[in-house]
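This report concerns only the one structure given below.
Side chains are part of it too, since the values below use all heavy atoms of this structure and drop only hydrogens, waters and symmetry mates. The chains referred to below are lettered A, B, ... by the order of the sequence lines, with proteins before strands, and numbering in each begins at 1.
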Amino acid sequence: MQPQQSFMNLDLQLRSSIRSAVSALFQVQYDQLQLQPTNAEFEGSHTLVCFPITKISKKSPEQTATAIGEYLVAHSGIVSRFNVVKGFLNLVIADKVWAEVFQSIYADKNFGALPSNGRELMVEYSSPNTNKPLHLGHLRNNFLGYSVAEIYAALGYTVHKVQIINDRGIHICKSMAAWQLFGNNETPASNGLKGDKLVGKYYVEFDKNYKAQIKDLVGKGMSEGEAEKQAPIMKMAVDMLQKWEAKDEATLQLWKTMNGWVYEGFNETYKRMGVDFEKLYYESNTYLLGKEEVLRGLEQGVFFKKEDGSVWVDLTSDGLDQKVLLRADGTSVYMTQDIGTAILRFRDFPKIEGQVYTVGNEQEYHFKVLFLILKKLGYSWAEKCYHLSYGMVDLPTGKMKSREGTVVDADDLMQEMADEAEKQTRELGKIEEATDAQIKELSEIIGLGALKFFLLKVDPKKRMMFDPNESIQLQGHTGPFIQYTHARIRAIIRKAEIMGVQPSEKELTQIAVLEAAEREVIFMVNNYINKLNEAARDYSPAVVANFAFDLAKGYNHFYQTIPIFNEDDQIKLKFRIAFSQVVADVLKKSMKLLGIAVPEKM
RNA sequence: GGUCCGGUAGCUCAACUGGAUAGAGCAUCAGCCUUCUAAGCUGACGGUUCGGGGUUCGAGUCCCUGCCGGAUCACCA
């Protein structure tokens, strides 16, 4: 059931009218109505597909459609005209009905934000390793996860945003080893480098030396496989990992220090990205719980032990394979940690009905297995867990490879976008009285808006192409296009305020005739909640992004055709001010769900 | 090899989950600033929806089959 909405629900009314028509005409109860937007080439806004109804009506599609159309015009009170093309019944909603629809939206101060539905959800996103800085792939991840969380929140859910930080393991030990060898006690404070960048630098340094050592050993006649194990720097990293697990004080100290640098760097990046988290989980805190759970599962016979002492789960009956959960030496693997993390989260937030994991599609198998294991352990919520799987971000030059140095750094990219926005803002020179600081602030909004929109407009599950030249575009199907539309409307509102034009709710319904462009836009705005539901159902911010773009486009069409302030008719003038106001609000709200701000001027 | 995902205009993406003559943006070309912000608007050009079968009133969408690209099938995370 749809929650009660304070604005007039045209769709529901129309559906109910059509059902009445069908039952009156054909004496049959029919609920599977296929209602869709009317194609632009025909008159009308809503189209009823009548082919399926012919089975009931025992008439041709045209006759069926015509009969329903005539009935609706005579009895519904909302349909003023209709036309029939083949089996399609195109309905024209009366302008006074549109005016009422609009008025109810205008009057609803909370339009687009549903009241709490009492349900809780957790959304995990970001979840980086602590050995290198965030990159373009993380940007897609963060923007996606953040946006999905916001969309659910708008629909009345209480949403908890979290992440799991992979703070332990061989990767961070590699950076630690390299830093000890070559760091000369360098710190972010001593050299001014961002903490995550500094640690990342030593991760690269490790790899460089590691490769050189392997090459050297192979040159001395060692096999490649053996050399990978025997390289001194790798032995050092492995040794550190073991010391870490044994809680060696000096190792822990170094680990804490270097992770601390990384977190400082990450926080700066998150701040600029505009994302936030209610609670952070650290693998170093959850992997032990995972281990306990696995041992419990072992006792219960859910898992089994092999001769060497390693613990496994058998998923062959689910069409999957066997999977290791604890190594022979008792140490945990990635899966073990994720089991612990999931359980811990449900203990921390007992009211959540499920979790959304925003993680790349290369881990689809992992999550399939994870959810199955949790189910086997007896956690019923496992079925409500969802892997929000998204495709890789490709560069025109191909795949991003951190080892080949082809990654696009998140900080650099955000800076480039802001710089480009600033350049174009200054070239256009529209904001005459702006200070330098204001221009910087605006450029940040525009640059980040462009970047976020670019990454969010594509269906998450699809792999996407990131062309720097295209992403930096501020025209066309972009965030700034929508921001610009908003800014233009705000200029109109400011002017109306100066002129003292105050739309009143009562007058809004007095408008007799609407322009086509106005009808179209009201139709779109009226569809906003439907779009949010669709976006939530599909975990796809792209739905919201494309909605906002279409709405902006629709409004721009109106803007171009109708000079608002040339209007003598006060009712029309006021209606158009209110109408513009509503569009600006909905643009702002929908962009906010994408994490994108909209400026007052640009 | 098994499993999963994808293939739509020159390029980047849509298509309300089976509906009408498949739509936008970019690029190219032609128009629109003495009027609310031209980061805008209007038009033109652009398609065998990877190929081949099938299902039905109707298929980009569902089924089968082949081709191409990607991911995954680790005691890595």
Side-chain angles (χ1 to χ4, degrees), chain A residues 34-42 47 49-52 54 60-61 85-88 90 127 129 131 166 168-171 283 306 308 310-312 319-321 323-329 331-335 337-338 360-366 368 389 391-392 394 396 399 421 424-425 427-428 430-431 446 450 454 457-459 461-467 469-471 473-478 480-485 487-496 527 530-531 534 537-538 542-543 546 549-550 552-553 556-557 559-566 576-577 580 601-602:
Chain A
Q34 285 190 47
L35 210 50
Q36 63 188 41
T38 304
N39 280 11
E41 61 202 291
F42 304 114
T47 293
V49 184
C50 293
F51 299 98
T54 55
S60 74
V85 183
K86 292 188 256 180
F88 297 94
N90 301 321
S127 303
N129 288 351
N131 60 327
N166 304 309
R168 48 150 255 139
I170 191 69
H171 57 275
E283 236 173 54
K306 287 199 175 174
D308 65 357
S310 56
V311 179
W312 295 70
L320 302 177
D321 221 330
K323 187 91 185 172
V324 70
L325 299 177
L326 284 178
R327 297 190 183 96
D329 63 5
T331 57
S332 59
V333 294
Y334 180 46
M335 187 63 75
Q337 300 162 4
D338 270 7
N361 62 7
E362 70 273 12
Q363 296 199 33
E364 271 171 13
Y365 184 79
H366 172 79
K368 213 185 229 173
S389 162
M392 277 188 178
D394 284 324
K399 236 163 131 170
Q424 296 200 31
T425 300
E427 272 171 15
L428 288 170
K430 288 191 188 180
I431 318 286
I446 296 172
F454 188 89
K457 72 180 179 185
V458 181
D459 182 348
K461 65 172 178 278
K462 287 195 177 172
R463 153 187 277 267
M464 69 176 290
M465 171 71 76
F466 185 86
D467 185 337
N469 296 325
E470 202 184 317
S471 69
Q473 279 280 342
L474 309 181
Q475 288 98 22
H477 192 194
T478 67
F481 170 90
I482 299 164
Q483 292 172 320
Y484 177 69
T485 304
R488 272 207 311 204
I489 297 176
R490 290 301 303 158
I492 289 170
I493 303 302
R494 284 192 296 272
K495 183 169 174 181
N527 206 21
N530 289 339
K531 286 290 177 183
E534 190 185 327
R537 183 197 62 200
D538 295 346
V543 172
N546 289 320
F549 175 72
D550 290 339
K553 217 173 152 43
N556 282 338
H557 178 66
Y559 180 92
Q560 204 72 26
T561 358
I562 299 161
I564 296 175
F565 292 104
N566 278 7
R576 283 169 189 160
I577 298 299
S580 299
K601 300 177 183 177
M602 71 183 273

Across all strands shown, which nucleotide pairs with B:A59 by Watson-Crick or G-U wobble geometry, both distances under 3.5 Å?
none
Pick out the pairs of N or O atoms, protein on one side and nucleotides 15-23 of chain B on the other, that lie under 3.5 Å.
from, atom 1, to, atom 2, distance (Å)
B:U17, N3, A:Arg537, NH2, 2.8
B:U17, O4, A:Arg537, NH2, 3.1
B:U17, O4, A:Asp538, OD1, 3.3
B:U17, O4, A:Asp538, OD2, 2.5
B:G19, O2', A:Gln36, NE2, 3.3
B:G19, N7, A:Gln34, OE1, 2.9
B:A20, N7, A:Gln36, NE2, 3.4
B:A20, N6, A:Thr47, OG1, 2.8
B:A20, N6, A:Asn90, OD1, 3.0
B:A20, N1, A:Asn90, OD1, 3.0
B:A20, N1, A:Asn90, ND2, 3.4
B:U21, OP1, A:Lys86, NZ, 3.1
B:U21, N3, A:Glu41, OE1, 3.4

For A:Leu428 and A:Asn566, take the nucleotide of RNA chain B holding the closest heavy atom to each; which residue's nucleotide lies nearer the 5' end?
A:Asn566
Measure the distance from CE on A:Met465 to C1' on B:G7 and round it to the nearest whole Å.
14 Å
For A:Lys457 and B:A24, is the shortest distance between a side-chain N/O and OP1 or OP2 below 4.0 Å?
no
Hey, is the main chain of A:Ala421 close enough, under 3.5 Å, to the side chain of A:Thr425 for a donor-acceptor pair?
yes
So A:Leu320, base contact, sugar-phosphate only, or nothing? Heavy-atom distance under 4.0 Å.
nothing
Could you state the atom-to-atom distance from NZ of A:Lys368 to C1' of B:C73 in whole Å?
10 Å
Check the distance between B:C4's C1' and A:Met392's CE and give it to me in whole angstrom.
15 Å
Heavy atoms under 4.0 Å, any strand shown: does A:Ala40 hit a base, just sugar-phosphate, or nothing?
nothing
Roughly how far apart, to the nearest Å, are B:G60 and B:A9 at atom C1'?
14 Å
Taking the same atom, P, in B:G7 and in B:A44, what whole-Å distance lies between them?
28 Å
What is the distance from CZ of A:Arg463 to P of B:C68, rounded to the nearest Å?
17 Å
Tell me every residue that passes ring pair (Phe, Tyr, Trp, His ring centres under 6.0 Å) with A:Tyr484, counting only those two or more places apart in sequence or in another chain.
none
For the C1' atoms, the ones on B:C76 and on B:U48, what distance do you get once it is rounded to whole angstrom?
46 Å
Please classify B:C5 as syn or anti, treating any glycosidic angle within 90° of 0 as syn.
anti
Polar atom pairs between nucleotides 27-32 of chain B and protein, under 3.5 Å, N or O only, would you list them?
none

Can you give me the N/O atom pairs linking the protein to nucleotides 74-77 of chain B at distances under 3.5 Å, or say none if there are none?
from, atom 1, to, atom 2, distance (Å)
B:C75, O3', A:Arg327, NE, 3.3
B:C75, N4, A:Asp308, OD2, 2.3
B:C76, OP2, A:Arg327, NE, 2.8
B:C76, OP2, A:Arg327, NH2, 2.9
B:C76, O5', A:Arg327, NH2, 3.4
B:A77, OP1, A:Arg327, NH2, 3.1
B:A77, OP2, A:Tyr334, N, 3.2
B:A77, O3', A:Glu283, OE1, 3.4
B:A77, O2', A:Asn129, OD1, 3.3

Tell me: CE of A:Met602 to C1' of B:C36, nearest whole Å?
17 Å
Could you check if the base of B:U65 is syn or anti? Syn means the glycosidic torsion is within 90 degrees of 0.
anti
Measure the distance from CD on A:Glu470 to P on B:A24 and round it to the nearest whole Å.
18 Å
Mind checking side-chain hydrogen bond (donor to acceptor under 3.5 Å, both in side chains) for A:Asp538 and listing every partner two or more places apart, or none if nothing turns up?
none
Please report the distance separating the C1' of B:G46 from the corresponding atom of B:U35, rounded so that it comes out in whole Å.
35 Å
Suppose we define a pair by two distances each less than 3.5 Å, Watson-Crick or G-U wobble; what does B:C13 pair with here?
B:G23
Would a distance-only check, ignoring hydrogens and angles, find a side-chain to backbone donor-acceptor pair under 3.5 Å from A:Ser310 to A:Lys306?
no
Length of the line joining A:Ile489:CD1 and B:C41:C1', which is rounded to integer Å:
15 Å
Considering residues at least two apart in sequence or located in another chain, which fulfil the side-chain hydrogen bond (donor to acceptor under 3.5 Å, both in side chains) criterion with A:Lys495?
none
Spacing of A:Ile482 atom CD1 relative to B:G25 atom P, expressed in whole Å:
13 Å
Nearest to the side chain of A:Arg488, heavy atoms from C-beta on, is which of B:U72, B:A38, B:C41?
B:A38
Provide the Watson-Crick or G-U wobble partner of B:G1, both distances under 3.5 Å; none if there is no partner.
B:C73
Once the angle between the rings of A:His477 and A:Phe549 is folded into 0 to 90°, is it parallel (under 30°), tilted (30 to 60°) or perpendicular (over 60°)?
tilted
Taken in chain and number order and not counting sequence neighbours, the residues that satisfy ring pair (Phe, Tyr, Trp, His ring centres under 6.0 Å) with A:Tyr365 are none
Atom CG in A:Leu325, atom CE in A:Met335: separation rounded to 0.5 Å?
7.0 Å
Whole-angstrom distance between B:U55 and B:U72, as gauged at atom C1':
32 Å
Counterpart residues, ring pair (Phe, Tyr, Trp, His ring centres under 6.0 Å), relative to A:Phe51 (two or more places apart)
A:Phe88
With A:Lys86, which residues qualify under salt bridge (charged side-chain N to carboxylate O under 4.0 Å, His left out), at least two apart?
none
Report the base-pairing partner of B:U8 (Watson-Crick or G-U wobble, both distances below 3.5 angstrom), or none.
none
Nucleotides 59-63 of chain B: which of its N/O atoms have a protein N/O under 3.5 Å away?
none

For A:His171, check ring pair (Phe, Tyr, Trp, His ring centres under 6.0 Å) against everything at least two apart and list the hits.
none
B:U42 phosphate, OP1 or OP2: any side-chain N/O from A:His557 under 4.0 angstrom?
yes
Using the C1' atom in both, what is the distance from B:G47 to B:G40, to the nearest Å?
28 Å
Can you check the distance between B:A14 and B:C62, where both ends of the measurement are the P atom (answer in whole Å)?
16 Å
Name all residues meeting the salt bridge (charged side-chain N to carboxylate O under 4.0 Å, His left out) criterion together with A:Arg168; count only those two or more places apart in sequence or in a different chain, and write none if there are none.
A:Glu245
Tell me what A:Ser389 touches on the nucleic acid: a base, only sugar-phosphate, or nothing, going by heavy atoms under 4.0 Å.
nothing
Under 3.5 Å for both donor-acceptor distances, Watson-Crick or wobble: does B:U28 have a partner, and if so which one?
B:A44
Run the side-chain hydrogen bond (donor to acceptor under 3.5 Å, both in side chains) check on A:Asn361 and A:Arg463 step by step: do they pass?
CA-CA 9 Å; A:Asn361 62 7; A:Arg463 153 187 277 267; over 6 Å; no
Sugar-phosphate, base or nothing in reach of A:Met464, heavy atoms under 4.0 Å:
sugar-phosphate
Roughly how far apart, to the nearest Å, are B:G52 and B:C73 at atom P?
36 Å
